[in-house]
Amino acid sequence: MKIEEQLLTHLFNCRRVDLYAGKRTLTDEQMQVFSHMKSRLSQGEPLQYILGAVDFMGISLCVDERVLIPRPETEELVVCAIDLLKQGNGSQIRYVLDLGTGSGNIAIAIAKNVLNSFVTTVDISPAAIDLATLNAHENKLNDKIRFICQDMKIFLKEEIFRNKYDLVISNPPYIPTAQIEQLPCDVKKEPFIALDGGEDGLNFYREIISAAHLLLEDNGCLLLEIGEYQAEDIKKIVEASGKYQECSFRKDNAGKQRITIIKR
Ligand code: GLN
């Protein structure tokens, strides 16, 4: 759908075909909203922020400048998580930890698709946790997800004495700091802390990989989304830790190695 069509279907709350089926005219008020939306677009604001919503695995989620916009690649990560969680004994509760939850997309899609799952989410941003909680509530999944607002580094340190998980999953910030300036204008409107992976982009992977084995059940898995050129570095970090049996990669639909499966 063209961008203008998306704005109009949003304004009229109708389907694309309905735009052409009958004669629709914008009221003065709608016209004002429409021009405001177009001016936000021309200033490089992402369409999803303007519409205030995004579809993630068939689930409607509210999004705004407080959180990263969920991407289709992450849907592939979640499909992989669902496959892993559905293996084995179907009646036991499957405990999942989602690090850096943002809009709550990963947690919500898992909670919705894996009936016997319970997801713990962590995010350093109170604003993201607010939005993720709202999204869980709107999708009636709030009783299957717990939200923790904390720096994941501190959380990981404390959690090793408390709980174990069948799956730890994350799509952490992974852009090297110096590259953020060169990102397209609309991406730069997303929260800096949701993009910035530190000097080499790998800070969060180091944190997560160094702690996850202590949080995983014996046959648990760590599932990470990674940047296009990070597979080799991730493999090295995993091997250097000496704590995992296996580290493999899956290609996304675009043929890029974007999913890492690490077995405890
Ligand atoms: N988990 C969220 C997502 O996958 C947020 C990720 C982030 O903020 N880096 O979209």
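The analysis underlying the following values was restricted to heavy atoms, covering all of them including side chains, and did not include hydrogens, waters or symmetry mates. Along the sequence shown, residues are numbered consecutively beginning with 1. Numbering of ligands and ligand atoms starts at 1, following listing order.
- Counting the atoms of ligand 1 from 1 in the order shown, those under 4.0 Å from a heavy atom of Asn105 are 1 (N), 2 (C), 3 (C), 4 (O), 10 (O).
- Of the protein's heavy atoms, Asn171 O, 3.1 Å lies nearest to atom 6 (C) of ligand 1.
- For Glu217 and Lys164, the salt-bridge test fails: no basic side-chain N is under 4.0 Å from an acidic carboxylate O.
- Taking any N or O of Thr101, backbone or side chain, at least one lies under 3.5 Å from an N or O belonging to ligand 1.
- Applying the 4.0 Å criterion to heavy atoms of Pro172 picks out, from ligand 1, the atoms 9 (N).
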In sequence, state the C-alpha distance, the side-chain angles, and the governing distance for Glu181 and Lys188, and then conclude on salt bridge (charged side-chain N to carboxylate O under 4.0 Å, His left out).
-> CA-CA 8 Å; Glu181 213 19 66; Lys188 280 197 285 183; 3.3 Å; yes
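- In terms of hydrophobic clustering, with Ile, Leu, Val, Met, Phe, Trp and Tyr side chains grouped at heavy-atom distances under 4.5 Å, Ile145 and Leu85 are assigned to a common cluster.
- Of the N and O atoms on the side chains of Tyr165 and Glu159, at least one donor lies less than 3.5 Å from an acceptor on the other residue.
- Note: His213 and Tyr244 have perpendicular aromatic rings, judged against thresholds of 30 and 60 degrees for the angle between ring planes.
- Looking at Asp200 and Arg206, a side-chain N of the basic residue comes within less than 4.0 Å of a carboxylate O on the acidic one, giving a salt bridge.
- When only non-hydrogen protein atoms are considered, atom 5 (C) of ligand 1 lies nearest to Gly100 O, 3.5 Å.
- Set against the non-hydrogen atoms of Thr74, the atoms of ligand 1 under 4.0 Å away are 4 (O).
- At the shortest separation from atom 8 (O) of ligand 1 among protein heavy atoms lies Ala194 CB, 3.3 Å.
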